[in-house]
Enquirer: 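Structure below; questions to follow.
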Amino acid sequence: MIARSVLVVDDNEDILTAIRLLLRSEVETVHTATSPSALPTLLRETRYDCVLLDMNFSRDASSGREGLQWLENAKRIDPDAVIVMITGYGDVDLAVRAMKHGAADFITKPWSNERLLASIEAATQLRLTRESSRAAEPSAPPPSEAPPAVPAERGDAGALPGLIGTSDAMQAVYATIRKVAPTDANVLILGENGTGKEVIAKAIHDHSKRIEGPFVPVDLGAVPSSLFESELFGHAKGAFTGASADRVGRFESAAKGTLFLDEIGNTEPTEQAKLLAALQRREIVRVGDPAPRPIDVRLVSATNEPVHERVAQGSFRQDLLYRINTVELFLPPLRERGGDIDLLADHFLARYAAAYGREVTGFTDAARRQMRTYAWPGNVRELQNTIERAVVLTDGHEVDEADLRFSATPAATDDASGIGSGTLDLEEIERAAVRRALSKHGGNITHAAEELGLTRKSLYRRIEKYGL
């Protein structure tokens with residue numbers, strides 16, 4: 001994977017489709033927008049490794065003026081944003097103007113796929129470098145202004161900053177975070193898909209002594225085996241076909257900070273061996289460069305796999321498990337968090353009402369009852385998506401039960417397979433099949449993908465496509 005997330009803004013739907021197809025195996029998440037007016041909301045809601053921004057929209061079709069204005073707006077919203085400008089009217093003067101306004105690169109249409117991919121990869125590394133540099137700047141908030149690392153002996157109740165929930169199950173999570181965060185102990189977070197494991201990992205980082213360092217997440221489930229070493233350890237120029245420049249791996253990018261390895265339970269034995277060697281020696285070796293490089297990272301890992309069972313089965317190395325789970329933290333599914341559903345629903349409603357400019361102020365009693373009794377197989381992620389969709393679709397000031405559309409409801413099926421409801425629309429059939437598989441396996445992506453005969457990456461793309 002050359003990037004975790006990319007945003008493409010262009011008023012030509014064909015351009016957006018072409019880029020989505022090009023990036024589908026290279027980038028974990030690709031968001032697209034046909035209007036630059038969507039930029040402010042998207043940049044505030046999501047951190048993008050790279051933004052591809054067209055220079056010409058409705059007015060002054062070939063001047064690039066509109067694109068430059070949106071470039072400046074984007075940089076004000078996210079100073080660390082790395083923006084690559086794209087246009088069909090390329091010339092040297094326009095490229096220079098774009099660079100002066102803060103663009104990282106300049107791509108002309110029609111583009112070379114190799115050139116575009118290389119630009120996105122370089123932008124991703126630049127983003128990580130900017131974030132690391134900004135964290136180390138003297139102007140950064142001093143430790144006294146940062147979220148405090150709560151001493152281990154404290155056992156008081158209450159959610160930590162940035163986390164939502166008052167249930168007993170979450171109080172146990174907060175207590176563990178308070179104890180482990182100030183240390184450099186490796187943490188393994190266990191829990192179903194969609195429970196918010198990355199949010200918890202970030203909370204551990206934010207309450208640690210490494211808060212001024214970078215927090216670098218890696219979804220190992222989306223990293224092909226052939227790119228595992230390059231992604232984590234980096235590579236030297238010329239190490240393999242397409243390695244046109246030196247690349248810093250995620251371990252080095254996370255120096256003096258926290259490296260979050262998500263979906264570690266899905267790694268192959270050969271990948272586990274390489275990871276174990278790096279952790280044992282506290283050094284990595286870039287592909288194509290034999291010189292070892294020391295690493296200084298705090299490791300937090302996560303998985304929705306029954307990793308202890310996998311050790312017993314011989315598919316996960318026990319010595320690696322010992323390395324990554326100095327402390328083990330279990331994140332409860334949403335169905336076991338009681339009143340937290342109301343708190344989270346209110347939080348997401350306020351966020352999306354503001355983001356979409358909707359005057360939606362709450363939920364009807366019937367809607368709240370329905371949310372409390374639903375099983376939420378997709379956990380917090382499903383709740384978030386459900387509330388966002390309801391805010392967009394509701395016609396009133398309150399979300400009613402009719403505005404809530406769940407991923408797995410018995411009433412939605414009327415045949416033995418549970419897939420169909422009389423429709424022959426292929427997309428609806430596929431959507432229902434994905435929902436059923438996720439519900440059956442409690443949100444476990446690996447098991448659901450196996451049931452559907454898909455790869456994990458293919459299933460992730462369908463989850464994003466259907467908003468599940």
Enquirer: Between Asp206 and Lys202, is there a salt bridge with N-O shorter than 4.0 Å?
Expert: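 The answer is yes: the pair qualifies as a salt bridge.
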
Enquirer: Considering non-hydrogen atoms only, spot the tightest contact between Val399 and Leu404 and give its length.
Expert: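 So the minimum-distance heavy-atom pair works out to CG1-CD2, 3.9 Å.
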
Enquirer: For the side chain of Thr46 and the backbone of Tyr48, is there at least one donor-acceptor N/O pair under 3.5 Å apart?
Expert: no

Enquirer: I need the Ile204 CD1 to Thr183 OG1 distance, nearest 0.5 Å.
Expert: 9.0 Å

Enquirer: So Thr29 and Val6, do their side chains get closer than 4.5 Å, heavy atoms only?
Expert: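 SC-SC contact between Val6 and Thr29 ruled out.
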
Enquirer: Can you see whether Thr364 engages Asp400 through a side-chain donor-acceptor pair at a distance of less than 3.5 angstrom?
Expert: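 Yes - a donor-acceptor pair under 3.5 Å links their side chains.
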
Enquirer: Carefully, step by step, assess Ser208 and Arg298 under the rule side chain to side chain donor-acceptor pair (under 3.5 Å).
Expert: CA-CA 10 Å; Ser208 75; Arg298 199 263 182 88; 4.6 Å; no

Enquirer: Is there a side-chain contact between Cys50 and Arg127 in this structure, where contact means two heavy atoms from C-beta onward sitting under 4.5 Å apart?
Expert: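 SC-SC contact between Cys50 and Arg127 ruled out.
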
Enquirer: Quick one: are Leu163 and Val199 in side-chain contact, heavy atoms under 4.5 Å?
Expert: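 Yes, close enough: below the 4.5 Å cut-off.
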
Enquirer: Does a donor on one side chain and an acceptor on the other come within less than 3.5 Å for Ser230 and His235?
Expert: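 There is such a pair between these side chains.
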
Enquirer: Once rounded to the nearest 0.5 Å, what's the spacing between atom CG of Leu343 and atom CG of Asp346?
Expert: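 Reported value, rounded in 0.5 Å steps: 7.0 Å.
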
Enquirer: Are side-chain N/O atoms of Asn304 and Glu192 paired as donor and acceptor at under 3.5 Å?
Expert: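 No donor-acceptor contact under 3.5 Å links the two side chains.
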
Enquirer: Heavy atoms only: give me the nearest Val311-Gln318 pair and the separation to one decimal.
Expert: CG1-CB, 3.8 Å

Enquirer: For Ala390 and Asp403, which heavy atoms make the closest approach, and how far apart are they?
Expert: CB-O, 3.6 Å

Enquirer: Heavy atoms, side chains only, cut-off 4.5 Å: are Thr267 and Leu275 in contact?
Expert: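 Thr267 vs Leu275: side chains apart.
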
Enquirer: How close do Leu71 and Leu53 get, counting heavy atoms only, and between which atoms?
Expert: N-CD2, 3.8 Å

Enquirer: Is Arg247 salt-bridged to Glu231, cutoff N-O under 4.0 Å?
Expert: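 Yes, this pair counts.
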
Enquirer: If only atom types and distance count, is the side chain of His31 paired as donor or acceptor with the main-chain N or O of Leu42 below 3.5 Å?
Expert: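 No, His31 side chain to Leu42 backbone: no donor-acceptor pair under 3.5 Å.
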
Enquirer: Do any N or O atoms from the side chain of Glu388 and from the backbone of Leu383 form a donor-acceptor pair under 3.5 angstrom?
Expert: no

Enquirer: Indicate yes or no for a side-chain donor-acceptor contact from Tyr174 to the backbone of Gly165 under 3.5 Å, with no hydrogens or angles considered.
Expert: yes

Enquirer: Are any side-chain N or O atoms of Asn379 and backbone N or O atoms of Leu334, one a donor and one an acceptor, separated by less than 3.5 Å?
Expert: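 Side chain of Asn379 to backbone of Leu334: a pair is present.
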
Enquirer: Would you compute the distance between atom CD1 of Ile200 and atom CZ of Phe330 and round it to the nearest 0.5 angstrom?
Expert: 12.0 Å

Enquirer: Could you walk me through whether Thr124 and Val82 pass the side-chain contact (heavy atoms from CB on, under 4.5 Å) check?
Expert: CA-CA 8 Å; Thr124 300; Val82 182; over 6 Å; no

Enquirer: Find out whether Leu52 and Leu7 are in side-chain contact, i.e. whether some heavy atom of one side chain is under 4.5 Å from a heavy atom of the other.
Expert: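 A side-chain contact is absent here, since even the closest heavy-atom pair is not under 4.5 Å.
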
Enquirer: Passes side-chain contact (heavy atoms from CB on, under 4.5 Å), His308 versus Glu328? Steps please.
Expert: CA-CA 12 Å; His308 292 283; Glu328 211 166 81; 2.9 Å; yes

Enquirer: Less than 4.0 angstrom from a charged side-chain N to a carboxylate O is my criterion; do Lys75 and Asp80 meet it?
Expert: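 No, Lys75 and Asp80 are not salt-bridged.
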
Enquirer: Got more than 12 heavy atoms from elsewhere within 6.0 Å of NE2, His347?
Expert: yes

Enquirer: Is a donor from one side chain sitting under 3.5 angstrom from an acceptor on the other, for Tyr374 and Gln370?
Expert: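 Judged by distance alone, the side chains do not pair up.
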
Enquirer: Taking the basic N atoms (NZ, or NE/NH1/NH2) and the acidic carboxylate oxygens, is any pair closer than 4.0 Å for Arg286 and Glu252?
Expert: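 Looking at Arg286 and Glu252, the cut-off is met.
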
Enquirer: Tell me, please, which residues at least two apart from Phe215 pass ring-ring contact (aromatic ring centres under 6.0 Å, His included).
Expert: His205

Enquirer: For the residue pair Arg381 / Asn385, report whether a side-chain donor-acceptor contact shorter than 3.5 Å exists.
Expert: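 Arg381 and Asn385 do not have a side-chain donor-acceptor pair below 3.5 Å.
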
Enquirer: Might you work through the side-chain contact (heavy atoms from CB on, under 4.5 Å) test for Ile264 and Leu188, ending with a clear yes or no?
Expert: CA-CA 9 Å; Ile264 196 170; Leu188 175 63; 4.2 Å; yes

Enquirer: Please find the pair of heavy atoms, one from Ile120 and one from Ala3, that lie closest to each other, and give the distance.
Expert: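 That would be CG2-CB, 4.0 Å.
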
Enquirer: Counting neighbours of NZ on Lys274 that are heavy atoms of other residues, nucleotides or ligands and sit closer than 6.0 Å, is the number greater than 12?
Expert: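 Count over threshold, so yes.
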
Enquirer: Taking side chain as C-beta onward, heavy atoms only, is Asp262 less than 4.5 Å from Val218?
Expert: no

Enquirer: Please determine if Asp219 and Arg4 form a salt bridge, counting it only when a charged side-chain N lies under 4.0 Å from a carboxylate O.
Expert: no

Enquirer: Suppose the criterion is salt bridge (Lys or Arg N to Asp or Glu O under 4.0 Å): which pairs have a residue in residues 38-53, not counting sequence neighbours?
Expert: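 Only Glu45-Arg351, Arg47-Asp49, Arg47-Glu131 qualify under salt bridge (Lys or Arg N to Asp or Glu O under 4.0 Å).
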
Enquirer: If the test is side chain to side chain contact (heavy atoms under 4.5 Å, CB included), which one of Val307, Leu331, Thr195, Asn325 qualifies with Leu190?
Expert: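 Among the candidates, only Val307 passes.
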
Enquirer: Given side-chain contact (heavy atoms from CB on, under 4.5 Å), test Val173 with Leu329 step by step and report yes or no.
Expert: CA-CA 7 Å; Val173 172; Leu329 190 158; 4.0 Å; yes

Enquirer: Treating Arg250 as the side-chain partner and Phe233 as the backbone partner, does any N or O pair qualify as donor plus acceptor under 3.5 Å?
Expert: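 Judged by distance alone, no pair lies under 3.5 Å.
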
Enquirer: Rounded to the nearest 0.5 Å, how far does CZ of Arg317 lie from CG of Leu276?
Expert: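 Here the rounded value is 5.0 Å.
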
Enquirer: Determine, for Arg210 against Asp184, whether the closest basic-nitrogen to carboxylate-oxygen distance falls under 4.0 angstrom.
Expert: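 Result for this pair is yes, salt bridge flagged.
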
Enquirer: Test side chain to side chain donor-acceptor pair (under 3.5 Å) on Ser225 and Glu271; report intermediate values, then the result.
Expert: CA-CA 7 Å; Ser225 296; Glu271 298 167 352; 2.8 Å; yes

Enquirer: Do Leu117 and Ile2 come within less than 4.5 Å of each other through their side chains, counting heavy atoms only?
Expert: yes

Enquirer: Would you confirm whether Arg358, through its side chain, and Val392, through its main-chain N or O, come within 3.5 Å as a donor-acceptor pair?
Expert: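 Such a contact is found between Arg358 side chain and Val392 backbone.
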
Enquirer: Between CG of Leu299 and OG1 of Thr258, what distance do you get to the nearest 0.5 Å?
Expert: 9.0 Å

Enquirer: Check whether the side chains of Asp168 and Gln171 place a donor and an acceptor atom closer than 3.5 Å, and report yes or no.
Expert: no

Enquirer: Hey, are the side chains of Leu452 and Val434 touching, using non-hydrogen atoms and a 4.5 Å cut-off?
Expert: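 Touching, per the 4.5 Å side-chain cut-off.
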
Enquirer: Would you check if there is a donor-acceptor pair between the side chains of Asp340 and Ser167 at a distance under 3.5 Å?
Expert: yes

Enquirer: Can you establish whether the number of heavy atoms outside Tyr322 located under 6.0 Å from its atom OH is more than 12?
Expert: no

Enquirer: CZ/Arg281 to CG/Leu279 distance, rounded to the nearest 0.5 angstrom?
Expert: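 That separation rounds to 11.0 Å.
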
Enquirer: Please report the shortest heavy-atom distance between Gly191 and Lys197, naming the atom on each side.
Expert: O-NZ, 3.2 Å

